[in-house]
Structure formats: structure tokens, C-alpha cells
Amino acid sequence: MSASLFSPLRLREVELSNRVVVAPMCQYMAQDGVPQDWHLVHLGQYAQSNFGLIIAEATGVSPEGRITPGCTGLYSDAAEAAFARIISFARSVGNSMMGVQLSHAGRKASTATPWDGAGTLVDGAWQTVAPSNVPYLPGWPEPTALDATGMAQIKADFVAATRRAARAGFDLVELHAAHGYLLHEFLSPITNQRTDAYGGSLENRMRFVLEIFEAVRAEFPAERPVILRLSATDWIEGGWHVADAVILSRELAALGCDMIHVSSGGLDQRQQIVPGAGYQVAFSQAIRAEADIPTIAVGQITQAIQAETILRTGQADAIALARGALWNPRWAWHAAAELGQEVTMPAPYARCNPALRGKPFVTRKALK
Ligand SMILES: Cc1cc2nc3c(=O)[nH]c(=O)nc-3n(C[C@H](O)[C@H](O)[C@H](O)COP(=O)(O)O)c2cc1C
């Protein structure tokens with residue numbers, strides 16, 4: 001019987017060979033925004049492992065849009081070339097489609113790596129920007145509230161990074177509107193205290209995100225998908241909620257958004273997250289059903305049968321793994337074997353395929 005998880009998913013002219021996605025994961029290993037050999041190996045291992053779609057980490061659209069100085073950024077020729085090399089490697093070993101998450105970190109920019117405490121930078125800090133001048137945590141530097149010029153610059157940066165993503169060969173662009181970064185900060189009433197056309201009502205708070213989406217969609221080749229990752233809820237009373245996320249998703253669908261990648265939280269540390277297996281899947285289900293748009297479910301999805309059930313019960317069109325993919329980079333192979341599907345692997349690794357167990361190690365051809 002064929003598994004939903006290993007059925008193809010077509011988005012515009014791009015076809016994922018299966019519905020297992022590697023979620024974007026910051027590595028903090030870039031230099032001046034340029035991905036390094038670390039990224040080639042990190043992303044390349046997932047291409048060897050036949051994940052349907054691999055989304056490269058939150059990648060700043062400008063140096064100031066990066067979360068940390070170690071984050072990737074698509075604002076230089078060097079970064080574009082380095083990503084092109086990674087994509088070329090992925091193409092040479094399998095069928096994985098390659099995506100990149102374009103991001104501006106807003107008031108959560110200019111911070112240290114997690115292993116250095118993730119606090120606000122002391123050396124090499126830069127001025128952060130946000131919809132309003134409210135810091136992320138007490139004692140953090142105040143972000144500058146963006147004016148019209150600043151917003152126009154950020155939109156131009158998203159468009160320029162999209163152009164680079166297309167030239168580098170990415171199959172898909174994901175806009176990062178989750179986890180308390182700039183676009184999410186515009187959406188949530190907790191971080192958006194503006195009194196102009198970009199603040200106040202839900203319609204106003206969605207405006208900048210929709211404008212950026214439209215500009216990016218117009219720049220990326222029409223045959224390749226643009227998707228958006230959002231936080232479906234802030235997990236805070238009076239914050240952004242799933243009902244808002246449904247309305248935003250409807251608007252995005254109308255603008256040609258191909259899929260919503262449904263995450264949650266990250267805006268404010270007062271959040272009351274209720275974690276657990278598949279803890280965000282219900283949000284994906286609500287958005288898929290009520291906004292009539294394909295979704296990726298993510299968050300503590302670790303088991304093949306769990307992933308298959310999410311798809312079969314119509315809760316999502318694809319599932320993504322972050323920590324599960326770090327823990328087991330061969331997750332897609334193992335899930336295929338567990339669900340009785342053919343395991344697809346590059347030729348030099350084929351001997352480990354359980355389907356070949358017990359067969360002769362090498363079958364040599366006789367000369368005629
Ligand atoms: C090391 C690491 C880095 C992450 N970096 C990003 C990122 O760049 N962009 C993003 O949207 N989410 C990021 N996340 C969140 C994951 O994409 C994912 O949504 C979250 O970890 C829940 O999925 P999981 O339970 O499969 O790990 C990161 C998570 C981890 C573990």
C-alpha cells in the first residue's frame with residue numbers, strides 16, 4: 001500500500017518526491033552571512049537522505065536582519081555563490097527540492113548564539129528595528145520604530161534576497177513570519193503598537209506582511225512556489241491567535257501563496273506553550289480547513305506512523321522535522337522502510353538498504 005508520506009506533492013512546477021520536510025534550522029556557522037562547508041555538509045546530508053524538501057535556515061535579507069553575526073544572509077554575491085554550490089551538490093545526489101527561509105529578525109536581531117547565551121550583543125552590536133520601540137526583554141536596547149523609508153528599504157531587501165535565491169537555484173522561498181521576528185512583530189498586537197496604516201486593526205497589522213509577500217511573489221519565478229511560515233498563536237491572552245492566522249492565510253492564498261508552514265510562539269517570553277507530541281498540528285489542521293490552503297505541520301513530529309496519520313487525517317499536506325532530523329539525518333530513509341515504501345538513496349550507499357540484505361555483496365558481470 002502506498003504511504004501518503006511518500007506520495008509526491010506538486011507546488012506550481014516544483015514536485016516534491018515525498019512530503020518529509022527538513023525545517024529551517026539556524027546553524028550560527030556562517031561568516032559575514034556566507035554559508036560555509038558546515039552548511040554544505042548539514043544540508044547535503046539531508047539531500048543524501050532523500051527528504052522531499054530541505055529548507056535552509058533563517059537567512060537575513062540584510063546584515064542587520066540576521067539574528068546573530070553567525071547567521072546566513074542573502075545579500076552578497078559570495079553568499080549567493082555558496083548557496084548555489086550547496087544546491088548543486090544536493091541535485092547531484094538525489095531529488096530533494098531546496099528552499100530557503102528569508103528573514104528579518106526585527107527586535108530579536110543583534111544577539112549572541114545560543115551557546116553564548118543568546119543575549120543581546122555587546123561587541124559588534126547593531127541597532128535593531130521593529131514596528132514599535134518595545135524591546136524584547138527588559139534591559140535590551142530599544143529597537144527603532146520603522147518609518148516609511150525604513151519599511152521601504154526592508155521590502156527592497158526582501159526583493160533583492162529573493163532575486164539572489166532564484167539565481168542561486170532555490171526551488172522555493174519561505175518567508176519567515178513566525179517566532180517573534182520582524183514580520184510576526186507586525187502581526188501581533190503585543191509588539192505592534194503603531195497608530196498608522198500598519199497598526200491597530202488586524203487588517204492594518206497584516207498589511208506589511210502581505211505587501212512583502214506580494215513583492216517577493218512578483219520577484220520569484222512564477223513556476224516556483226513561495227510559502228510562508230507563521231506562528232499560529234502567541235500563546236498569550238490578547239495576542240495573535242489561530243483565528244487571526246486563518247484570516248491571514250486566506251489573504252495569502254488569494255495572493256498566490258502556495259503553502260503555510262504552521263509553527264507557533266516565540267514573540268514574548270510570557271507565552272504559555274503546551275508542548276507535547278504534535279503540539280502544533282491542530283493549528284495546521286485549522287488553517288488548512290478554514291483557509292483552504294496547503295499546510296506543513298511541524299513540532300515534535302518524530303515517528304513515521306505519526307507523520308503518516310497527520311497526512312491521512314487531512315491535518316496537513318506535508319510534515320517538517322527539525323530536532324528529529326538533527327537526531328536522525330536518515331529519518332526519511334527509515335520512515336520509508338517502516339511504511340513499506342521503496343528507500344531511495346544515492347548509489348554509493350545502496351548496499352545498506354535493508355531490501356538488499358542477504359543478497360550477494362557485488363554481482364560482477366561476465367565478459368562475453
Ligand atoms: C537548532 C534549531 C534551529 C532552528 N532555527 C530555526 C530557523 O532558522 N527558522 C525557523 O523558523 N525555525 C527554526 N527552528 C525551529 C524549527 O524549525 C521547528 O519549528 C521547531 O524546532 C519544532 O520542530 P521539532 O519539534 O521537529 O524540532 C530551529 C530549531 C532548532 C532545533
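Just so you know, ligand 1 is whichever comes first in the structure, and atom 1 is the first atom listed for that ligand.
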Arg164 with Asp77: basic N within carboxylate O range, under 4.0 Å: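 Salt bridge flag = yes for Asp77 with Arg164.
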Electrostatic pair Arg66:Asp32 at N-O distance under 4.0 angstrom: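 Here Arg66 does not pair with Asp32 in a salt bridge, since their nearest N and O are not under 4.0 Å apart.
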Can an N or O of [X] be found at a distance shorter than 3.5 Å from an N or O of ligand 1?
| X | answer |
| --- | --- |
| Ile301 | no |
| Leu326 | no |
| Tyr279 | no |
| Ala58 | yes |
| Val298 | no |
| Gln300 | yes |

Return yes when atom [atom1] of [X] has more than 12 non-hydrogen atoms of other residues, nucleotides or ligands closer than 6.0 Å, and no otherwise.
| X | atom1 | value |
| --- | --- | --- |
| Asp147 | CG | yes |
| Trp115 | CH2 | yes |
| Trp38 | CH2 | no |

Which atoms of ligand 1 are found less than 4.0 Å from any heavy atom of [X]?
| X | value |
| --- | --- |
| Gln101 | 7 (C), 8 (O), 9 (N), 10 (C), 11 (O) |
| Leu321 | 26 (O) |
| His179 | 10 (C), 11 (O), 12 (N) |
| Gly299 | 22 (C), 23 (O), 25 (O) |
| Arg323 | 21 (O), 22 (C), 24 (P), 25 (O), 26 (O), 27 (O), 31 (C) |

Among protein heavy atoms, which sits nearest to [atom], and what does the distance come to when rounded to 0.1 Å?
| atom | value |
| --- | --- |
| atom 30 (C) of ligand 1 | Met25 CG, 3.9 Å |
| atom 20 (C) of ligand 1 | Ala322 CB, 4.1 Å |
| atom 5 (N) of ligand 1 | Cys26 N, 2.8 Å |

Heavy-atom gap Ala178 to ligand 1 smaller than 4.0 Å: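 For ligand 1, residue contact (heavy atoms, under 4.0 Å) with Ala178 is absent.
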Geometric class of the Phe208/Phe186 ring pair [parallel <30°, tilted 30-60°, perpendicular >60°]: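 Ring orientation of Phe186 relative to Phe208: tilted.
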Leu121 versus Pro69, closest heavy-atom pair with distance: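 Looks like CD1-CG, 3.7 Å.
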Aromatic ring proximity Phe283/Trp235, centre distance under 6.0 Å: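 They qualify: ring centres under 6.0 Å apart.
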Mode of Arg229 contact toward ligand 1 - side chain, backbone, both, neither (heavy atoms, under 4.0 Å):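 Contact part for Arg229 vs ligand 1: side chain (C-beta onward).
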Any donor-acceptor N or O pair under 3.5 Å, side chains Gln315, Thr313: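 Yes, because at least one side-chain N or O of Gln315 sits under 3.5 Å from a partner of the opposite role on Thr313.
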Candidate with minimal heavy-atom separation from atom 28 (C) of ligand 1, of Ala105, Pro24, Ala23, Ser103: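 When every heavy atom of Ala105, Pro24, Ala23, Ser103 is considered, Pro24 comes closest to atom 28 (C) of ligand 1.
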Separation of Ile287 CD1 from Leu248 CG (nearest 0.5 Å):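 CD1 of Ile287 is found 8.5 Å from CG of Leu248.
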Verify same cluster id: Leu53, Leu40 (apolar side-chain graph, 4.5 Å):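 No, Leu53 and Leu40 fall in different hydrophobic clusters.
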